[in-house]
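Inspection log for the structure reproduced underneath, given as C-alpha cells.
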Amino acid sequence: MSKKFYITTTLPYINADPHIGFALEIIRADALARFKRAQGDDVFFNTGTDEHGLKIYQKAQELGMDVQKYCDEHVEGWYKLKNALNLSYDNFIRTTDEHHIKAAQEFWRRAMANGYIYKKQYKIKYCVGCELEKTDSELVDGKCPLHPNRELEVIEEENYFFKFSEFQNKLLELYKNNHDFVVPATRLNEIKKFVEMGLEDFSISRLKSKMPWGVPIPNDDEQVMYVWFDALVNYISAIGWPDDEEKFNSWWPGVQVAGKDNLRQQSAMWQAMLMAVGSPNSEKIYINSFITSNGQKMSKSLGNVISPYEMIDKYGTDGTRYLLLSLNTFSDDMDITWQGMDDKFNADLANGLGNLVARVSNLLEKNEISINVDAKNEELKNKVVEQIELFRSDEAIKFIWEVLRKCDEVLTIKQPWKMADTDKIKNVLEPIAQNILVCADLLLPIMPETAAKIKDVFTAKEIKKGESLFPRI
RNA sequence: CGCGGGGUAGAGCAGUUGGCAGCUCGCCAGGCCCAUAACCUGGAGGUCACCGGUUCAAAUCCGGUCCCCGCAACCA
C-alpha cells in the first residue's frame with residue numbers, strides 16, 4: 001500500500017487579491033505534493049479561502065451586496081491561481097461550504113462538551129473616532145493613534161472563550177517531543193518561548209448583532225464564531241472530519257504550510273484546539289518568512305507591491321515557480337526586486353538551463369543522434385531528494401544547477417562540434433543529455449511544464465532543437 | 001535587564017564537532033564560436049560590526065559594546 005501524505009496551505013482571506021507571499025506558500029506546498037506523488041505516495045493537497053469575518057462583511061455592505069454573493073464572486077480570483085501557477089491541489093475548501101460549517105459547529109460542540117469553552121464578560125476598548133474596537137497593541141500611550149484627543153470607550157461584552165491557558169504544558173510537551181514539529185528550528189524556538197511566557201484564554205465568538213457574518217454557534221442565536229476559530233477547522237473538515245472518520249484517520253495528521261504571521265495560530269492555538277477535541281496534532285508545520293521588496297514590506301502606499309500575476313506575465317508560470325522556489329524561506333525575510341529577478345531569470349533559466357538544452361539538442365539534431373534515455377545519477381538524486389524532504393527547494397536547485405554547469409564545462413572542453421566521427425560525438429553528448437534528463441526529472445515538482453518539454457526533446461527518436469525554453473529578458 | 005532573529009567582497013547570501021575565508025550576480029582580462037550577444041578559464045575585491053578573553057589556531061567558543069529587523073496575544 002502506498003504511503004498517505006496530506007498537505008495543506010493556510011486559507012487566505014477572500015477579500016484581498018492574491019499576494020506574492022501566498023503564491024510562495026502554495027507553490028512550495030505544490031512542489032512538495034508533486035514530489036511526493038512522483039515518489040509514489042498517495043497525496044491529498046488542500047487549499048481554499050477563508051470567507052467569514054468583519055472585513056468581508058463590511059466590504060460587502062459597502063458594495064451593497066449580499067455577503068455570500070460577494071464571496072462567490074471573489075472566489076473566482078482565487079480559482080484563477082490554479083492555472084496561473086499550475087497548481088495540483090486536490091481540494092479547494094471554502095469556509096462557507098455547508099460541510100465545513102457543520103464541521104466547525106461539531107468542533108465547537110466537542111470542545112464545549114470537554115469543558116474548554118466558557119462564557120465570560122470582557123472589556124473592549126472602542127474608539128468612537130474610528131468606530132472600531134482597538135487592541136492594546138494598536139494603542140499609543142493608551143490612546144488611539146488616529147484620534148489621540150478622544151478617550152477610548154470601554155464596552156463590556158459577553159463572549160465565548162477558549163481555555164487556551166490550560167494547554168501550556170501540553171503544548172510545551174508537544175514541542176519537546178517533536179524536535180521538528182515546527183520547521184525551521186528558530187520558529188519552534190520562538191513559539192516555545194511564547195508559550196512559556198504563559199497563555200491567556202481568548203475570545204472565540206462575536207455578537208451577532210454587531211457582526212452576523214460567521215458560523216452560527218450551536219444553541220446560541222446571539223453569537224457567531226469568531227472567524228479564525230472556524231477557519232482553522234478547515235484543515236480537518238477538508239478530509240472528512242467529523243462524519244467520515246475512516247477518511248479522516250487515513251489522512252490525518254497532515255503537514256501544514258504557513259507564513260510567519262501564522263506561527264501562533266497554527267502551531268499553538270490550532271494545536272490546543274485539536275487537543276481540546278481529542279484529535280491528534282498536526283504532523284509538521286513549515287513556516288515561511290516574508291517577501292519584502294526593496295527592503296520594505298510590500299504595501300500599496302509604498303507602491304512596491306509585486307503581484308504573482310505580474311511575475312507570471314514576465315517570467316511565465318515555470319519561471320515564476322522557479323524564482324520563488326529558489327528563495328530560502330527559512331532564513332530572514334527575502335527581498336526581491338524586478339532587477340534581481342530579471343538577473344536570476346537570465347542567468348539560471350535563459351543562459352543556464354535553456355541555453356544548455358538548446359546547444360545540446362542542436363548538436364544532436366545536426367548529427368542525427370538519438371540517445372539511450374535510461375539515465376541515472378543516484379548521487380544527485382539522493383542529494384536533491386534529501387533537500388526537498390527538508391522543504392529546501394532552494395538547496396535542491398543549487399545541486400541541480402551544479403550539474404548543469406558541469407555539462408556546459410564538459411562541452412567547452414571536449415568541443416564535440418569540431419569532431420567528425422559520429423560515435424565520438426555521441427560519446428560526448430549522450431552522457432550530457434542523460435544528465436539533463438535526470439535534472440529534468442528532479443525539476444518536475446519545481447517546473448512541471450519545463451521538465452516535460454525537456455523530456456520530450458531528448459527522448460524523441462529524431463531529436464530536434466525546438467523552441468527555446470526561456471527567452472532572455 | 002520582555003521574547004526572538006541578524007550584522008561575512010559592490011549586491012544577495014553560505015559557512016558551529018574551532019584548522020589556509022566560499023557561492024551566485026556584477027566588474028576586468030583571456031579563450032571558444034555548437035548554443036538564447038549565450039558557454040568556459042583566470043583575475044580584482046573582505047582587518048568575517050566593534051572591543052576584550054580562551055586556544056598552537058576563532059567568522060566559528062566565552063564576556064561586553066554598537067547598529068538593524070520582527071514579535072509583545074485575540075491585528076483570522
Side-chain angles (χ1 to χ4, degrees), chain A residues 10-13 50-56 95 122 124 132-138 159 161-162 164 184 186-187 189-206 214 225-232 260-266 268-270 289-290 292 295-297 326-328 331-337 339-340 342-344 346-367 394-395 398 401-402 404-419 425 428-429 465 467-473:
Chain A
T10 55
L11 303 191
Y13 225 47
D50 183 356
E51 307 191 359
H52 289 120
L54 184 65
K55 280 181 195 162
I56 288 162
T95 57
Y122 90 123
I124 301 167
L132 281 175
E133 291 171 19
K134 294 283 163 181
T135 62
D136 286 339
S137 58
E138 286 177 294
N159 279 160
F161 275 71
F162 178 68
F164 194 36
T186 56
R187 299 293 174 205
N189 193 33
E190 207 173 315
I191 195 66
K192 211 186 275 179
K193 291 285 181 188
F194 169 74
V195 174
E196 276 171 8
M197 283 192 296
L199 302 175
E200 281 179 26
D201 297 349
F202 51 81
S203 96
I204 53 173
S205 72
R206 287 291 181 269
M225 285 183 207
Y226 195 38
V227 52
W228 56 260
F229 188 87
D230 100 70
L232 288 167
K260 69 176 186 180
D261 55 331
N262 263 267
L263 177 64
R264 281 175 199 176
Q265 288 87 332
Q266 305 302 335
M269 295 175 180
W270 169 231
S289 298
F290 282 169
T292 57
Q296 288 174 300
K297 256 186 196 174
S326 298
L327 299 169
N328 175 4
S331 68
D332 279 346
D333 286 348
M334 305 149 285
D335 198 60
I336 60 173
T337 59
Q339 184 63 52
D342 285 359
D343 288 348
K344 188 154 181 67
N346 280 336
D348 293 0
L349 297 180
N351 301 348
L353 179 62
N355 184 58
L356 177 66
V357 169
R359 68 196 299 211
V360 174
S361 57
N362 182 57
L363 288 167
L364 288 167
E365 179 180 356
K366 279 187 179 168
N367 294 287
D394 58 316
E395 284 295 322
K398 280 182 196 166
W401 254 258
E402 263 176 36
L404 296 175
R405 229 177 275 284
K406 192 75 190 167
C407 290
D408 268 323
E409 187 189 330
V410 171
L411 276 174
T412 304
I413 291 169
K414 302 222 166 157
Q415 304 185 312
W417 52 88
K418 282 186 174 170
M419 296 174 178
I425 298 174
V428 175
L429 295 181
K465 187 183 163 193
E467 296 275 298
S468 73
L469 295 173
F470 300 101
R472 277 178 68 86
I473 287 170

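Just so it is clear, the model here is predicted, and its values are computed rather than measured. Letters go in sequence order (proteins before strands), and every chain restarts at 1.
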With sugar-phosphate meaning primed atoms plus P, OP1 and OP2, does [X] contact a base, only sugar-phosphate, or nothing at under 4.0 Å between heavy atoms?
X: A:Lys398; result: nothing
X: A:Asn355; result: base
X: A:Ile204; result: nothing
X: A:Gly198; result: base
X: A:Glu200; result: base
X: A:Asp201; result: nothing
X: A:Gly53; result: nothing
X: A:Leu469; result: base
X: A:Gln266; result: base
X: A:Glu196; result: nothing
X: A:Phe229; result: nothing

Measure across [X] and [Y] and return the closest heavy-atom pair with its distance rounded to 0.1 Å.
X: A:Phe470; Y: A:Leu353; value: CE1-CD2, 4.2 Å
X: A:Ala350; Y: A:Arg472; value: CB-CG, 3.7 Å
X: A:Pro416; Y: A:Leu429; value: CG-CD2, 4.0 Å
X: A:Trp401; Y: A:Leu349; value: CZ2-CD2, 4.0 Å

Can A:Phe202 be said to stack with the base of B:C74, given centres closer than 5.5 angstrom and planes under 30 degrees apart?
->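 So no, this residue does not stack on that base, at least one cut-off failing.
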
Side chain of [X]: nearest nucleotide among [options]?
X: A:Leu199; options: B:A73, B:G5, B:U36; answer: B:A73
X: A:Arg264; options: B:G4, B:G2, B:C71; answer: B:C71
X: A:Gln415; options: B:C32, B:G4, B:C71; answer: B:C32
X: A:Glu409; options: B:C40, B:A35, B:C71; answer: B:C40
X: A:Glu190; options: B:G4, B:C34, B:A73; answer: B:G4
X: A:Trp417; options: B:C25, B:C32, B:C39; answer: B:C32
X: A:Arg405; options: B:C34, B:U24, B:C32; answer: B:U24
X: A:Lys366; options: B:C74, B:C33, B:A35; answer: B:A35

Value in whole Å for how far the [atom2] atom of [N] lies from [atom1] of [X]:
X: A:Glu395; N: B:A14; atom1: CD; atom2: P; result: 9 Å
X: A:Arg206; N: B:C74; atom1: CZ; atom2: P; result: 10 Å
X: A:Phe164; N: B:C74; atom1: CZ; atom2: C1'; result: 10 Å
X: A:Lys344; N: B:C25; atom1: NZ; atom2: C1'; result: 9 Å
X: A:Phe470; N: B:U36; atom1: CZ; atom2: C1'; result: 12 Å
X: A:Asn362; N: B:U36; atom1: CG; atom2: C1'; result: 11 Å
X: A:Arg359; N: B:U36; atom1: CZ; atom2: C1'; result: 11 Å
X: A:Asp348; N: B:G12; atom1: CG; atom2: P; result: 18 Å

Which value, in whole Å, describes the distance between the [atom1] atoms of nucleotides [N] and [M]?
N: B:C28; M: B:G64; atom1: C1'; answer: 43 Å
N: B:G43; M: B:G22; atom1: P; answer: 12 Å
N: B:G46; M: B:C62; atom1: C1'; answer: 25 Å
N: B:C48; M: B:A58; atom1: P; answer: 12 Å
N: B:G45; M: B:G10; atom1: C1'; answer: 9 Å
N: B:A11; M: B:A49; atom1: P; answer: 14 Å
N: B:U54; M: B:U16; atom1: P; answer: 25 Å
N: B:U24; M: B:C66; atom1: C1'; answer: 31 Å

Test side-chain contact (heavy atoms from CB on, under 4.5 Å) on A:Leu411 and A:Leu363 and set out the steps.
-> CA-CA 11 Å; A:Leu411 276 174; A:Leu363 288 167; 4.3 Å; yes

Whom does [N] pair with, Watson-Crick or G-U wobble, provided both distances fall under 3.5 Å?
N: B:U36; answer: none
N: B:U41; answer: B:A29
N: B:G18; answer: none
N: B:C3; answer: B:G70
N: B:C61; answer: B:G53
N: B:U24; answer: B:A11

Answer yes or no: is there a donor N or O on one side and an acceptor on the other, between the side chain of A:Asn362 and the main chain of A:Ala358, under 3.5 Å?
-> no

A:Asp50 side chain to A:Pro12 backbone, donor-acceptor under 3.5 Å |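 Side chain of A:Asp50 to backbone of A:Pro12, a donor-acceptor pair under 3.5 Å: no, none is there.
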
A:Asn351 or A:Leu356, whichever maps to the more 5' nucleotide of RNA chain B |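 Counting from the 5' end, the first nearest nucleotide belongs to A:Leu356.
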
5'-most contact on RNA chain B: A:Leu11 or A:Ala347, nearest heavy atom basis?
->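 Upstream on the strand: A:Ala347.
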
NZ/A:Lys260: more than 12 non-hydrogen atoms of other groups inside 6.0 Å =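 Atom NZ in A:Lys260 is crowded, with more than 12 foreign heavy atoms closer than 6.0 Å.
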
Does A:Arg472 place a side-chain N or O at less than 4.0 Å from the phosphate oxygens OP1/OP2 of B:A38?
-> yes

Could you tell me whether the phosphate oxygens of B:G5, OP1 or OP2, come under 4.0 Å of any side-chain nitrogen or oxygen in A:Lys260?
-> no

Can we say A:Arg405 and A:Glu402 salt-bridge, meaning some charged N sits less than 4.0 Å from an Asp/Glu carboxylate O?
->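 No, no charged N to carboxylate O under 4.0 Å.
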
